[in-house]
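What follows is a structure written as structure tokens; I'll ask about it next.
Just follow the structure's listing: the first ligand is 1, and inside any ligand the first atom is 1.
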Amino acid sequence: MKFTVLTLFPELVDPFFGHGIIARAVEKKAIAGRSVNIRDFSCDRHNTVDDRPYGGGCGMVMKPEPLSAAIRAAKAEAPGSRVVHMSPQGRPFDQKLALELAEEGNGLIFICGRYEGIDERICHSLVDDEISIGDYVMTGGELAAMVIIDAVTRLLPGVLGGETSAEIDSFQNDRLEYAHYTRPPEFETMAVPDVLLSGDHQKIERWRQASSLKRTFLKRPDLFKQRSLDPEERKLLKTWCQELETLINE
Ligand code: 4H7
């Protein structure tokens, strides 16, 4: 998968490809990442990329000509790529959309707006998708593009070497992850649940499913609307109810 990030701040984006699992994905050639400086496509000797908004008002707007030239150049280098505009007005990004983008055979080109945003005509003529990473405002689209590249990269074949697709599925089944513990067995009077030290893998698996379910119930009950309880989960929740009742009656 080839990621191209069109930005006025390549120095913000480039280091992202040099760390952790993303860097490993680059080494393994599962992804290629590069930034393109939109300013390199400006059309005058002052390297202008912005201008005052028609109709007046505060702030500046990114001029269409450098942007269209940058997009066309990026498309020429990565033919068939999907052009994504990062914007608060876009389709809300979630794991489902991450999976969809990971299926994109050719590549992804991200347009990162600055100032008050980009000229509307670019959206109409050259943009395939408008995506938002959440209902908040940022000073530019770069962080949003990196969020998407990160979430998509870890879904690509071969990137998460050790993990099976079943394990990856557990991130995507509309439940929160179970609680994690490592050594020492006691930390500041807090003990690791006994079952995790028992070596009984069936019991551990059931404990983890219960942990995942309880956390979802307490922190994100809205996820049960995405996928309702299955029979196994009903049983685990009933058991939890009984445990709580016993506790209350003690
Ligand atoms: C494109 C259009 C994405 C990019 C407008 C980008 C949040 C997100 C930006 C803007 C972003 C997200 C211009 C919107 C300046 C805010 C004050 C850059 N913010 N801006 N306005 N949620 N900002 O994905």
Side-chain angles (χ1 to χ4, degrees), residues 1-17 19 22 31 33-43 47-75 78 81-104 107-155 171-172 220 222-223 226:
M1 175 79 79
K2 185 164 188 175
F3 298 113
T4 311
V5 183
L6 310 188
T7 173
L8 290 173
F9 295 100
E11 62 279 17
L12 183 60
V13 175
D14 288 333
F16 171 69
F17 292 103
H19 300 277
I22 304 300
I31 65 166
R34 72 174 200 120
S35 62
V36 168
N37 192 339
I38 297 162
R39 201 173 292 280
D40 292 344
F41 294 85
S42 64
C43 308
N47 292 332
T48 312
V49 289
D50 61 333
D51 204 343
R52 287 165 301 149
Y54 273 123
C58 60
M60 299 293 268
V61 176
M62 286 176 75
K63 288 172 67 61
E65 304 94 323
L67 263 172
S68 71
I71 295 167
R72 285 181 220 281
K75 275 187 167 172
S81 288
R82 193 153 151 181
V83 178
V84 179
H85 177 216
M86 302 316 309
S87 145
Q89 305 194 6
R91 170 173 166 195
F93 185 64
D94 60 10
Q95 194 64 23
K96 184 166 160 273
L97 183 48
L99 280 159
E100 188 187 316
L101 293 175
E103 295 284 299
E104 187 61 51
L108 297 171
I109 296 169
F110 295 92
I111 305 173
C112 304
R114 285 269 158 177
Y115 316 117
E116 297 309 307
I118 70 177
D119 188 287
E120 184 68 14
R121 292 165 291 184
I122 293 293
C123 307
H124 290 308
S125 59
L126 290 166
V127 169
D128 298 312
D129 296 288
E130 205 175 15
I131 298 178
S132 164
I133 60 163
D135 288 338
Y136 40 83
V137 173
M138 297 185 289
T139 57
E142 287 80 5
L143 285 168
M146 290 188 272
V147 164
I148 290 181
I149 293 168
D150 192 293
V152 169
T153 296
R154 60 178 294 289
L155 296 174
F171 295 91
Q172 289 157 186
R220 291 292 307 279
D222 60 292
L223 291 178
Q226 309 273 332

Give me the residue, atom name and distance of the protein heavy atom closest to atom 10 (C) of ligand 1.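 Residue, atom and distance for the closest contact: Pro88 CD, 4.1 Å.
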Distance to 0.1 Å, residue and atom name: give those for the protein heavy atom nearest to atom 22 (N) of ligand 1.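 For atom 22 (N) of ligand 1, the nearest protein heavy atom comes out as Gly134 O, 2.9 Å.
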Which atoms of ligand 1 sit under 4.0 Å from any heavy atom of Tyr136?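 Reading through ligand 1 atom by atom, the close ones are 7 (C), 22 (N).
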side-chain contact (heavy atoms from CB on, under 4.5 Å) with Pro66: which of Ile38, Asn37, Asp50, Thr48?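 The passing option is Ile38.
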For Ala144, is at least one N or O under 3.5 Å away from an N or O on ligand 1?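 There is no such contact.
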List the closest protein heavy-atom neighbour of atom 4 (C) of ligand 1: residue, atom name, distance to the nearest 0.1 Å.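 Protein heavy atom at minimum distance: Met86 O, 3.3 Å.
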Starting from atom 19 (N) of ligand 1, which protein heavy atom do you reach first, and at what distance in Å?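 The protein heavy atom lying closest is Met138 N, 3.0 Å.
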Atom CG in Leu108, atom CE in Met1: separation rounded to 0.5 Å?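 Nearest 0.5 Å value for the CG-CE distance: 5.0 Å.
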Would you say CG of Asp135 has more than 12 non-hydrogen atoms from neighbouring residues, nucleotides or ligands within 6.0 angstrom?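 Not more than 12 within 6.0 Å, no.
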Polar atom proximity, Glu116 to ligand 1 (N or O, under 3.5 Å):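 In this structure, Glu116 places no N or O atom under 3.5 Å from an N or O of ligand 1.
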So is there a nitrogen or oxygen of His85 less than 3.5 Å from a nitrogen or oxygen in ligand 1?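 Between His85 and ligand 1, no N or O pair is found under 3.5 Å apart.
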Starting from atom 2 (C) of ligand 1, which protein heavy atom do you reach first, and at what distance in Å?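 Checking every protein heavy atom, the shortest distance to atom 2 (C) of ligand 1 gives Gly117 CA, 3.9 Å.
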Evaluate whether atom CD of Glu11 has more than 12 neighbouring non-hydrogen atoms of other residues, nucleotides or ligands under 6.0 angstrom away.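 Result for CD/Glu11: enclosed.
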Looking only at non-hydrogen atoms, find the nearest pair between Asp119 and Val61 and report the distance.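 Here Asp119 and Val61 meet closest at N-CG1, 3.7 Å.
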Does Phe110 reach the side chain of Ile149, with side-chain heavy atoms less than 4.5 Å apart?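 In contact.
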Would you say Ile133 has any N or O atom under 3.5 Å from an N or O of ligand 1, going by distance alone?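 Yes.
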Least distance between heavy atoms, Ile122 atom then Pro64 atom: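 Closest pair (atom of Ile122, atom of Pro64, distance): CD1-O, 3.5 Å.
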Using distance alone, decide if ligand 1 has a nitrogen or oxygen within less than 3.5 Å of any nitrogen or oxygen in Val137.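 N/O-N/O distance below 3.5 Å does not exist for this pair.
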In terms of atom number and element, which parts of ligand 1 are under 4.0 angstrom from non-hydrogen atoms of Tyr115?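 Contacts of ligand 1 toward Tyr115, numbered from 1: 13 (C), 15 (C).
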Do Met146 and Ile22 come close enough that some side-chain heavy atom pair is under 4.5 Å?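 No - every pair of side-chain heavy atoms lies 4.5 Å or more apart.
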Ser132: numbered ligand 1 atoms lying under 4.0 Å from its heavy atoms: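 Per the distance check, 12 (C), 22 (N), 24 (O).
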Mind checking the SG-CZ spacing from Cys58 to Arg52? Nearest 0.5 Å is all I need.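 Answer for the SG-CZ pair, Cys58 versus Arg52, is 14.0 Å.
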